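Before any comments, here is the structure.
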Amino acid sequence: MSESLLWRPGRIGPMELKNRVIRSATNEHLSEADGQLTTAWMDTLVELAEQEVGLVITGHMSVDRQQRSDRGQTVLDAQTDLGLLYETARRVHAAGGRIVAQLNHGGKKAPENVNGHPPKLPADFSLEELDRIVEQYRYAAMLCRRAGFDGVQIHNAYGYLLASFLNHVDNRRTDGYGGSVENRFRLTGRIIREVRRTCGPDFAILAKVGGNGYGSLHRLLELYQATGVDGVELCTSDFDPKIWASRSFCMEELLRAWEGVDLPISLVGGIFSQKAAEHILEAGVPFVSFSRALLCQPDFIQRLKDGRQDESPCNGCNQCYQSFRRQFVRCIKHTASIPQLKKVFGSSENA
Ligand SMILES: Cc1cc2nc3c(=O)[nH]c(=O)nc-3n(C[C@H](O)[C@H](O)[C@H](O)COP(=O)(O)O)c2cc1C
């Protein structure tokens, strides 16, 4: 067996992980039209755990069915099929993995053609609406806890609601939720504290954070730490497929921002080989996260572990991202038939 750092056990807050590998949230686009979970959604997550991914983070799940970012996005609310949620956690655990649900609110990325009303910027929300959003996150996290999930991840990157609050260009509020970085972070902080209050210390709370930090990454990480969050996943690039290659934040920059912050982190973005992952781990980063490499090959990590492969065949064409919103998310290189998709679409060929 390989001596790679990748296979060493690790810990994030209350979660023991069998290795250092995280599947970064990737919208499966496998819900029913109304956001209900499907067995295909479950099977996709279970397959990753069975193929040696230590921690599987679900694609973003909407805490509000009126604020979805697309029609394939799952929803976590009172109508969610708790049986499927429970079964997903049970099967991931049986495979030796851990599972965390990514919670999100579409914000300015909740389009009118999906929700029937225009998307909103931070200044469009009343204080009562902000209280309601905190409650929606709390409720969604409580469902996950009840179903046996190991934790939740609060999505705070890529321009969705919470990232939009952090972004001083989007956030024009003049009250306690706008202006300073502390104010722009206030909604996120309230959500994390409320989830902690409801779900307790043995339920992991993570955050996904844009690596640019809107110019204040170090301060933001300090604010996260003060909320009692268990870990942070830092994106090494903005999420615009066209500029992924040219706009990566460098690892050294992210590590400088992390200095003096006592929080386990993971880096995500552009990691396509065992060598690249080990380089990051050797620099002292405890975890590495993968998205497109696992869309291309759900068994990518198993292949690394077996020594069958040391690099992903994903060439970053981003067709997976282009397929978004029209059909299930998939890799055009992933030509093997995907049996679980038949349950939803009849046949993977005509989906
Ligand atoms: C098809 C697709 C769907 C994605 N969905 C999500 C998502 O639901 N939540 C999220 O935080 N990031 C999402 N991402 C971004 C990835 O998690 C990751 O941050 C990004 O792809 C960079 O990592 P990579 O180079 O390993 O692909 C998605 C990416 C792709 C390609």
Side-chain angles (χ1 to χ4, degrees), residues 21-31 35 41 44-45 48 53 55-63 67-76 100-107 109-110 152-164 206-212 231-249 251 254 265-274 276-277 280 285 287-298 300-301 304 311-334:
V21 177
I22 298 177
R23 185 268 200 156
S24 200
T26 307
N27 187 353
E28 300 81 14
H29 211 274
L30 282 172
S31 75
W41 173 84
T44 301
L45 300 169
L48 292 165
V53 173
L55 170 61
V56 178
I57 303 182
T58 69
H60 63 164
M61 305 181 80
S62 184
V63 297
Q67 306 290 343
R68 292 166 77 199
S69 55
D70 59 79
R71 284 201 189 84
Q73 189 188 14
T74 48
V75 176
L76 270 172
V100 157
Q102 188 185 60
L103 308 185
N104 201 15
H105 179 297
K109 291 173 90 173
V152 290
Q153 183 184 58
I154 309 297
H155 195 348
N156 213 331
Y158 303 150
Y160 295 96
L161 181 80
L162 297 179
S164 179
L206 315 181
K208 185 161 180 176
V209 179
N212 64 10
V232 162
E233 190 181 36
L234 278 176
C235 313
T236 58
S237 66
D238 265 340
F239 191 43
D240 180 341
K242 289 182 233 81
I243 54 172
W244 265 336
S246 60
R247 277 268 304 278
S248 276
F249 305 112
M251 183 172 74
L254 297 176
I265 59 166
S266 169
L267 294 190
V268 61
I271 308 171
F272 290 110
S273 68
Q274 177 152 346
I280 292 169
V285 174
F287 297 93
V288 282
S289 303
F290 303 81
S291 170
R292 285 170 293 172
L294 291 169
L295 264 176
C296 186
Q297 291 176 316
F300 177 58
I301 304 302
L304 296 186
E311 200 161 329
S312 167
C314 172
N315 63 2
C317 74
N318 294 322
Q319 288 295 316
C320 51
Y321 190 69
Q322 312 305 334
S323 71
F324 229 117
R325 298 180 180 87
R326 288 199 302 274
Q327 56 176 32
F328 58 88
V329 169
R330 61 169 293 184
C331 174
I332 57 162
K333 282 182 180 285
H334 190 170

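Source: prediction; values computed, not measured. In each ligand, atom 1 is the first atom listed, and ligand 1 is the first ligand listed. Only this structure's heavy atoms are used, side chains among them; waters, hydrogens and symmetry mates stay out. By convention here, the first residue in the shown sequence is residue 1.
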Parallel, tilted or perpendicular: which one describes the rings of His155 and His60, with boundaries at 30° and 60°?
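Answer is perpendicular, since the angle exceeds 60°.
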
Residue [X] vicinity, atoms of ligand 1 by number, heavy atom under 4.0 Å:
X: Gln102; result: 7 (C), 8 (O), 9 (N), 10 (C), 11 (O)
X: Arg292; result: 24 (P), 25 (O), 26 (O), 27 (O), 31 (C)
X: Gly270; result: 24 (P), 25 (O)
X: Gly269; result: 22 (C), 23 (O), 25 (O)
X: Thr26; result: 2 (C), 3 (C), 4 (C), 5 (N), 6 (C), 8 (O)
X: Asn27; result: 3 (C), 4 (C), 5 (N), 6 (C), 7 (C), 8 (O)

Measure the shortest side-chain to side-chain distance between Glu233 and Leu206 over non-hydrogen atoms and say whether it is less than 4.5 angstrom.
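Glu233 vs Leu206: side chains apart.
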
Under a heavy-atom criterion of less than 4.0 Å, does Cys235 contact ligand 1?
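The answer is no: ligand 1 sits nowhere under 4.0 Å from a heavy atom of Cys235.
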
Results of side-chain hydrogen bond (donor to acceptor under 3.5 Å, both in side chains) for Ser312 - residues two or more places apart only
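Scan of Ser312 (side-chain hydrogen bond (donor to acceptor under 3.5 Å, both in side chains), adjacent residues dropped) gives none.
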
Which residues satisfy the side-chain hydrogen bond (donor to acceptor under 3.5 Å, both in side chains) test with Gln67, sequence neighbours excluded?
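Counting only residues at least two positions away or on another chain, Gln67 forms no side-chain hydrogen bond (donor to acceptor under 3.5 Å, both in side chains).
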
Backbone of [Y] reached by a side-chain donor or acceptor of [X] within 3.5 Å:
X: Asn156; Y: Ala163; result: yes
X: Glu28; Y: Gly59; result: yes
X: Thr58; Y: Gln102; result: yes

Check: Gly59 N/O within less than 3.5 Å of ligand 1 N/O
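No; every N/O pair is 3.5 Å or more apart.
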
Give yes or no for whether the N/O distance cutoff of 3.5 Å, strictly under, is met between Ile271 and ligand 1.
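No, there is no polar N/O contact under 3.5 Å.
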
Identity of the nearest option to atom 12 (N) of ligand 1, non-hydrogen atoms only, from His60, Glu233, Lys208
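Among His60, Glu233, Lys208, the closest heavy atom to atom 12 (N) of ligand 1 belongs to Lys208.
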
